[in-house]
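Report on the structure given below.
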Amino acid sequence: CSANAEAERELKKLIEAAYIYAAGSARKEDLADDDNVPQWWKDRLRGTDCIINDECWEAYELFDFCGTQWRTSATGGRTGLDYTAVCAVATSWGCADRQTLDYVRHLEIGALTKYNGKTLEFLFDGGD
């Protein structure tokens, strides 16, 4: 149970991070939780729960890099990432594994939630 609960928490953090990213209120360096991240970045994070761990950081970098690769509807709304482009970048970076792309998918869900005017509560709890 605890391993599954921890994995679910990490995926929710990814969704939340992308939601904040889509809102324009976070930079990727504000979301890092990695031993290789400079201490001054970590100092700025104190008091926030939305931190991407080092295992997911590569996926976040990929998501951020592919930020211009959104598919849009006829009305101009974003419908999802162009995975042909995402996979091409992931392959060129050497990170086109299933886990990384699954993390990107969760990031996409978070961003789409914000872009579609929904709240995280709507996504996680079915509320408004």
Closest non-hydrogen atom pair between Glu108 and Gly80, with its separation: OE2-CA, 3.1 Å
Nearest heavy-atom neighbours spanning Val104 and Ala59: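 Between these two residues, the closest heavy atoms are CG2-O, 3.7 Å.
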Straight-line distance of [X] [atom1] to [Y] [atom2], nearest 0.5 Å:
| X | Y | atom1 | atom2 | result |
| --- | --- | --- | --- | --- |
| Asp102 | Leu11 | CG | CG | 6.5 Å |
| Thr119 | Tyr19 | OG1 | OH | 6.0 Å |
| Ile20 | Leu120 | CD1 | CG | 7.5 Å |
| Leu14 | Arg105 | CG | CZ | 11.0 Å |
| Leu107 | Ile15 | CG | CD1 | 8.5 Å |
| Leu62 | Leu81 | CG | CG | 8.5 Å |

Whether Trp57 and Tyr60 hold their rings parallel, tilted or perpendicular, with breakpoints at 30° and 60°: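 Aromatic pair Trp57/Tyr60 classed parallel.
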Carboxylate-amine/guanidinium proximity below 4.0 Å for Glu10 and Lys13: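 Counted as a salt bridge, because a side-chain N and a carboxylate O are separated by less than 4.0 Å.
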Qualifying salt bridge (Lys or Arg N to Asp or Glu O under 4.0 Å) pairs with a residue from residues 82-98, counting only residues at least two apart or across chains: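 Output for this query lists Arg71-Asp82.
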Qualifying ring-ring contact (aromatic ring centres under 6.0 Å, His included) pairs with a residue from residues 77-113, counting only residues at least two apart or across chains: Phe65-Trp93
Sequence-distant partners of Arg78, salt bridge (Lys or Arg N to Asp or Glu O under 4.0 Å), two or more places apart: none
Any donor-acceptor pair under 3.5 Å from Thr100 side chain to Ala96 backbone: no
